[in-house]
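Protein chains get the first letters and strands the later ones, always in sequence-line order, with residue 1 at the start of each. Values reported hereafter were calculated over all heavy atoms of this structure, with side chains retained and with hydrogens, waters and symmetry mates removed.
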There are 2 protein chains.
Amino acid sequence: MMVSQSLEQGADTRRRILQAALSAFGHNDYDSVGIRRIVEAAGANIAAISYHFGGKKGLYLATAAYLAENLQAGMQQHLERIAAATAGGDPAQCRRMLSELVSRFAENLLTGALSDDAPGFIFREQNHPTDAFDILYEKLFRPMHETMAGLVACARSLPCDAEETRLVAHALLGPAIAFRAARTTMLRHLSRPVYTASDVARIKDLLALLTASALDYERRDAPPGEQP
Amino acid sequence: MMVSQSLEQGADTRRRILQAALSAFGHNDYDSVGIRRIVEAAGANIAAISYHFGGKKGLYLATAAYLAENLQAGMQQHLERIAAATAGGDPAQCRRMLSELVSRFAENLLTGALSDDAPGFIFREQNHPTDAFDILYEKLFRPMHETMAGLVACARSLPCDAEETRLVAHALLGPAIAFRAARTTMLRHLSRPVYTASDVARIKDLLALLTASALDYERRDAPPGEQP
DNA sequence: TCGATTAAGTCAAACGTTTGTTTTATACCT
DNA sequence: AGGTATAAAACAAACGTTTGACTTAATCGA
């Protein structure tokens with residue numbers, strides 16, 4: 001246990017501070033969070049922030065990168081699997097995968113390991129973009145959108161980069177976003193303090209159905225039989 | 001102009017401060033906004049906040065009430081008209097009104113008079129509810145949700161207070177919310193700095209179609225003819 | 001292998017600035 | 001006179017940052 005104590009001690013402190021910072025910045029605004037509370041929660045010293053991250057702003061950006069990498073790790077496998085399957089080009093399968101992806105996206109937002117800290121960070125960056133937004137966009141939003149757009153394009157026989165494709169892909173993620181971004185409102189509608197496990201299950205199933213049905217927009221007057 | 005100068009002067013200062021506070025709290029976090037900047041923008045003195053609102057927290061709550069009243073004023077007419085028509089109980093008409101309401105909701109979020117300031121305020125209260133959330137919920141979220149739930153219940157022949165009804169009503173607002181809450185992301189997807197007028201028009205039309213189509217969830221295998 | 005040197009990391013203390021709030025004083029109109 | 005409103009100044013508290021001393025581990029020359 002004595003080998004390379006100082007070699008890893010710095011990295012450990014860095015990680016503890018990042019974890020504390022993610023929790024703090026996820027639940028409170030940037031200016032509401034004092035670096036004193038962060039280092040206190042991390043069991044470190046105030047000067048550690050200036051030393052390891054160059055200051056509070058540097059810590060914030062490092063936290064964004066830390067968050068992006070952790071979230072990306074939990075999604076990349078699904079996105080890659082879907083991208084591989086999309087190459088086939090079967091619309092029916094793309095519709096199924098779209099429902100599954102939206103459902104899984106909702107689950108990550110509602111019960112994922114980072115579902116407590118990440119949304120607060122992300123939604124703040126949407127309203128008040130800083131340099132952290134670029135990190136989140138490249139590592140999270142863009143890959144997610146590209147995958148969604150690919151599925152929508154396949155399912156609706158549209159060009160991948162068509163404006164309609166992008167709008168639909170974004171809109172289809174809306175319901176899942178709403179259950180997390182407006183969680184407090186939804187919970188008050190349900191007269192409930194938190195989402196229960198069965199709530200999440202019902203939401204997931206409902207979103208899968210709504211997604212599949214919404215994909216048929218502008219086609220409701222078409223013949224009922226399911227053809228490619 | 002000389003009558004009751006001091007009687008209205010106080011109210012004027014109050015209103016100017018509220019307007020400046022709404023703009024400030026809508027674009028920046030609570031702790032990022034200094035009361036000195038607010039009174040500077042409002043052309044008032046620092047002590048005016050303590051005098052008129054009892055402090056910064058009192059100003060924030062007053063701003064929430066001010067925002068809620070202004071937003072409510074722009075929606076109540078539509079909600080009342082819809083509520084009156086819903087009493088008829090025609091599912092086909094309810095579906096039409098649902099699409100129209102979602103479309104109008106999106107327009108308010110994207111181009112309304114308060115679309116600059118309000119969303120930032122609202123989304124922050126969703127992530128970090130304070131006493132201001134209760135004000136917003138009672139005056140905005142609950143009436144909107146009740147109307148949506150009523151339309152969904154009528155369109156799908158469900159009880160008004162059924163859990164499914166509430167979930168669907170919330171989910172159907174999701175796409176509109178996504179185009180504003182994740183506006184920065186969507187704009188980057190479109191390689192555009194701001195939504196153009198035609199963007200908003202396309203989004204409105206698309207959301208109306210998606211809403212109508214999504215309402216047919218779990219029924220796609222049913223006979224195509226439209227029956228009550 | 002020993003002693004000196006360098007670098008990394010942590011720590012308590014103090015820096016100057018800014019925060020929201022309060023106090024004190026001054027006009028203004030009834 | 002008396003309440004209303006604004007103004008300037010001062011308040012303690014908290015902010016992010018910096019400083020210099022201290023410990024520890026690794027490196028180097030002899």
Side-chain angles (χ1 to χ4, degrees), chain A residues 1-25 27-64 66 121 124 128 130-132, chain B residues 1-25 27-64 66 121 124 128 130-132:
Chain A
M1 58 160 65
M2 69 299 298
V3 293
S4 68
Q5 175 179 341
S6 77
L7 270 179
E8 294 184 0
Q9 194 173 4
D12 258 30
T13 302
R14 228 186 96 98
R15 206 173 301 115
R16 289 201 318 274
I17 291 178
L18 280 176
Q19 192 62 47
L22 177 57
S23 174
F25 288 134
H27 290 47
N28 302 96
D29 298 332
Y30 179 83
D31 289 283
S32 306
V33 175
I35 61 174
R36 284 174 173 82
R37 296 183 188 174
I38 293 180
V39 295
E40 186 180 354
N45 186 269
I46 316 177
I49 285 178
S50 190
Y51 180 78
H52 287 285
F53 304 98
K56 188 184 184 184
K57 194 168 257 177
L59 170 61
Y60 185 77
L61 293 179
T63 305
Y66 178 73
F121 199 110
R124 170 153 33 86
H128 208 64
T130 68
D131 292 339
Chain B
M1 56 157 67
M2 69 301 298
V3 293
S4 65
Q5 173 179 342
S6 77
L7 271 179
E8 293 185 0
Q9 193 174 3
D12 258 29
T13 302
R14 228 186 96 99
R15 206 173 300 114
R16 289 202 317 273
I17 290 178
L18 280 176
Q19 193 61 47
L22 177 57
S23 174
F25 287 134
H27 290 62
N28 303 96
D29 300 331
Y30 179 83
D31 289 280
S32 305
V33 175
I35 59 174
R36 284 174 173 83
R37 296 183 188 174
I38 294 180
V39 296
E40 185 179 354
N45 188 268
I46 316 177
I49 283 177
S50 189
Y51 180 79
H52 286 284
F53 304 98
K56 187 184 183 183
K57 195 167 256 176
L59 169 62
Y60 185 76
L61 294 178
T63 305
Y66 178 73
F121 199 109
R124 171 153 33 85
H128 209 60
T130 68
D131 292 338

[X] [atom1] to [N] [atom2]: how many Å, rounded?
{"X": "B:F53", "N": "D:dT6", "atom1": "CZ", "atom2": "P", "result": "10 Å"}
{"X": "A:Y51", "N": "C:dC11", "atom1": "OH", "atom2": "C1'", "result": "13 Å"}
{"X": "A:I46", "N": "D:dC15", "atom1": "CD1", "atom2": "P", "result": "10 Å"}
{"X": "B:L59", "N": "C:dG20", "atom1": "CG", "atom2": "P", "result": "10 Å"}
{"X": "A:R16", "N": "C:dG9", "atom1": "CZ", "atom2": "C1'", "result": "12 Å"}
{"X": "B:D31", "N": "C:dT19", "atom1": "CG", "atom2": "P", "result": "11 Å"}
{"X": "A:K56", "N": "D:dG16", "atom1": "NZ", "atom2": "P", "result": "4 Å"}
{"X": "A:I17", "N": "C:dC11", "atom1": "CD1", "atom2": "C1'", "result": "13 Å"}

Of all the heavy-atom pairs spanning A:Y60 and A:R124, show the shortest one and how long it is.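 Result for this residue pair: OH-NH1, 2.8 Å.
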
Please report the C-alpha distance between B:T130 and B:Y30 in whole Å, then the side-chain angles of each, then the deciding distance to 0.1 Å, and finally whether the side-chain contact (heavy atoms from CB on, under 4.5 Å) criterion is met. CA-CA 11 Å; B:T130 68; B:Y30 179 83; over 6 Å; no

Just checking A:V33: base, sugar-phosphate only, or nothing, at a heavy-atom cut-off of under 4.0 Å? sugar-phosphate

Would you mind telling me which of [options] lies closest to the side-chain atoms of [X]?
{"X": "A:T13", "options": "D:dA8, D:dT17, C:dT10", "answer": "C:dT10"}
{"X": "A:S50", "options": "D:dA8, D:dT18, D:dA5", "answer": "D:dT18"}
{"X": "A:A47", "options": "C:dT21, D:dT19, D:dG16", "answer": "D:dT19"}

Please tell me if B:H52 has a side-chain N or O lying less than 4.0 Å from either OP1 or OP2 of D:dT4.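 For D:dT4, neither OP1 nor OP2 has a side-chain N or O of B:H52 closer than 4.0 Å.
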
Phosphate OP1/OP2 of D:dA5 contacted by B:N45 side-chain N/O (<4.0 Å):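 Answer is no, no contact under 4.0 Å.
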
One pair to check against side-chain contact (heavy atoms from CB on, under 4.5 Å): A:T13 and A:H52. What are the steps and the verdict? CA-CA 9 Å; A:T13 302; A:H52 287 285; 4.2 Å; yes

Compare all side-chain heavy atoms of A:Y51 with those of A:N45 and state whether any distance is below 4.5 angstrom.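 No, their side chains stay 4.5 Å or more apart.
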
After noting the C-alpha distance and the side-chain angles of A:F25 and A:I38, does the key distance pass the side-chain contact (heavy atoms from CB on, under 4.5 Å) rule? CA-CA 10 Å; A:F25 288 134; A:I38 293 180; 4.1 Å; yes

